[in-house]
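Atom set for the values below is all heavy atoms of this structure, side chains included, hydrogens, waters and symmetry mates excluded. Numbering of residues begins at 1 and proceeds along the displayed sequence.
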Amino acid sequence: MIRSIKEDVQKKHEDDGKQSSDSEDSELKKPRLRITGKYSVCKFKIGQIITHRRYSYRGVIYGYDTECKLSEDWIIQMQVDSLPRGRSQPFYHVLVDERYREDMATYVAEENILVADDEVEVEVEVESEADAAVVRHHSIGKYFTGVQQNNHGGRRYIANPELLSQYPEDYSGL
């Protein structure tokens, strides 16, 4: 049985004999800086609409880590070490479009991400061209306030103030 990412992270804290503390919570909420920080290795940004290279589902990025942060059990179960870049590459938190998979968020290795604007054959039933350009997920409003066109002609979700405070440099150069 596959556990959710949230359950896996909670289990990791229990396995380490830790309870989530205020200092751990504040560490998670510190700004993730690209220009001056370790997050410069992350190729994709929050709000980007992506397509999974292997499974062809669409989604939107709502967070990232510089390397896989989930438990050893999850890494083994998902065969992360068999990927060409393994666990040491950036991993992204993705809300999956409900037209592909219902009520799902995934944790995706950078090598498995394509920008949705890339030419990728993905079949999904849409009502209009505008509908095809957005991701449907019940948690979109928890992280984003809307969608805007970027400088490259694609669309991107606009982070809410809380998410923007965690990823302040992700919206420069739109």
Side-chain angles (χ1 to χ4, degrees), residues 1-12 20 28-29 32 39 42-71 73-80 83 85 87 89-167 170-171 174:
M1 184 171 115
I2 297 176
R3 294 188 307 264
S4 73
I5 292 171
K6 183 177 181 181
E7 289 171 336
D8 196 62
V9 170
Q10 287 172 344
K11 183 178 180 334
K12 181 175 181 354
S20 180
L28 292 174
K29 293 187 179 190
R32 296 177 182 216
Y39 296 95
C42 298
K43 179 178 177 181
F44 303 102
K45 298 180 178 185
I46 59 164
Q48 278 189 284
I49 299 171
I50 61 97
T51 300
H52 193 285
R53 181 183 304 274
R54 184 171 179 192
Y55 299 114
S56 299
Y57 63 77
R58 287 171 40 99
V60 60
I61 296 171
Y62 70 98
Y64 50 76
D65 298 309
T66 56
E67 61 186 23
C68 186
K69 298 287 187 185
L70 294 187
S71 73
D73 287 343
W74 187 88
I75 290 169
I76 291 167
Q77 181 180 5
M78 302 308 290
Q79 301 176 350
V80 170
L83 294 170
R85 293 174 56 201
R87 66 176 79 189
Q89 65 185 303
F91 275 72
Y92 298 82
H93 297 276
V94 176
L95 295 175
V96 178
D97 192 315
E98 292 174 345
R99 293 170 286 192
Y100 298 90
R101 297 184 181 172
E102 190 128 350
D103 193 26
M104 184 177 241
T106 57
Y107 195 53
V108 183
E110 186 172 84
E111 69 187 60
N112 285 327
I113 293 178
L114 298 170
V115 176
D117 296 342
D118 294 344
E119 290 189 26
V120 178
E121 293 278 332
V122 177
E123 290 187 26
V124 66
E125 190 172 315
V126 294
E127 297 171 15
S128 68
E129 190 174 316
D131 186 42
V134 298
V135 172
R136 290 185 191 169
H137 193 283
H138 70 278
S139 294
I140 289 283
K142 181 178 177 181
Y143 303 101
F144 303 101
T145 60
V147 181
Q148 72 183 68
Q149 189 138 348
N150 64 29
N151 289 339
H152 310 293
R155 291 179 182 242
R156 183 166 175 205
Y157 278 84
I158 303 165
N160 67 19
E162 183 179 347
L163 192 60
L164 187 57
S165 71
Q166 292 176 42
Y167 301 91
D170 276 21
Y171 283 84
L174 272 181

Any Arg156 side-chain heavy atom under 4.5 Å of Asp170 side chain: yes
Knowing that exactly one of Val80, Leu70, Val108 qualifies, which makes a side-chain contact (heavy atoms from CB on, under 4.5 Å) with Phe91? Val80
Can you name the residues that form a side chain to side chain contact (heavy atoms under 4.5 Å, CB included) with Ile158, not counting sequence neighbours? Thr145, Gln148
dist Gln79:CD -> Gln77:CD (nearest 0.5 Å) comes out at 9.5 Å
Expected output: side-chain Tyr107 to main-chain Lys69 donor-acceptor under 3.5 Å: yes
How about Tyr157 and Ile49: do any of their side-chain heavy atoms sit closer than 4.5 Å? yes
Of all heavy-atom pairs linking Gln89 and Leu83, the shortest is NE2-CD1, 3.9 Å
Which heavy atom of Ala105 sits nearest to which heavy atom of Leu95, and what is that distance? CB-CD2, 4.2 Å
Once you round to the nearest 0.5 Å, how far does NE2 of His137 lie from CG of Asp103? 5.5 Å
Which residues share a side chain to side chain contact (heavy atoms under 4.5 Å, CB included) with Leu163, sequence neighbours left out: Ile46, Tyr143, Phe144, Ala159, Asn160, Tyr167
Do Thr106 and Tyr55 have side-chain N/O donor and acceptor atoms under 3.5 Å apart? no
Does Trp74 offer a backbone N or O that forms a donor-acceptor pair with the side chain of Ser71 under 3.5 Å? yes
Contacts of type ring-ring contact (aromatic ring centres under 6.0 Å, His included), residue Tyr92, not counting sequence neighbours: Phe44, Tyr64
Can you list the residues that meet the side chain to side chain donor-acceptor pair (under 3.5 Å) rule with Glu98, with sequence neighbours excluded? His138
Salt bridge (Lys or Arg N to Asp or Glu O under 4.0 Å) partners for Arg85, two or more places apart: Glu110
Using atom types as modelled and distance alone, determine if a side-chain donor or acceptor of Arg58 lies under 3.5 Å from a backbone N or O of Val135. no
If I take atom NE2 from residue His52 and atom CD1 from residue Ile113, how far apart are they, to the nearest 0.5 angstrom? 7.5 Å
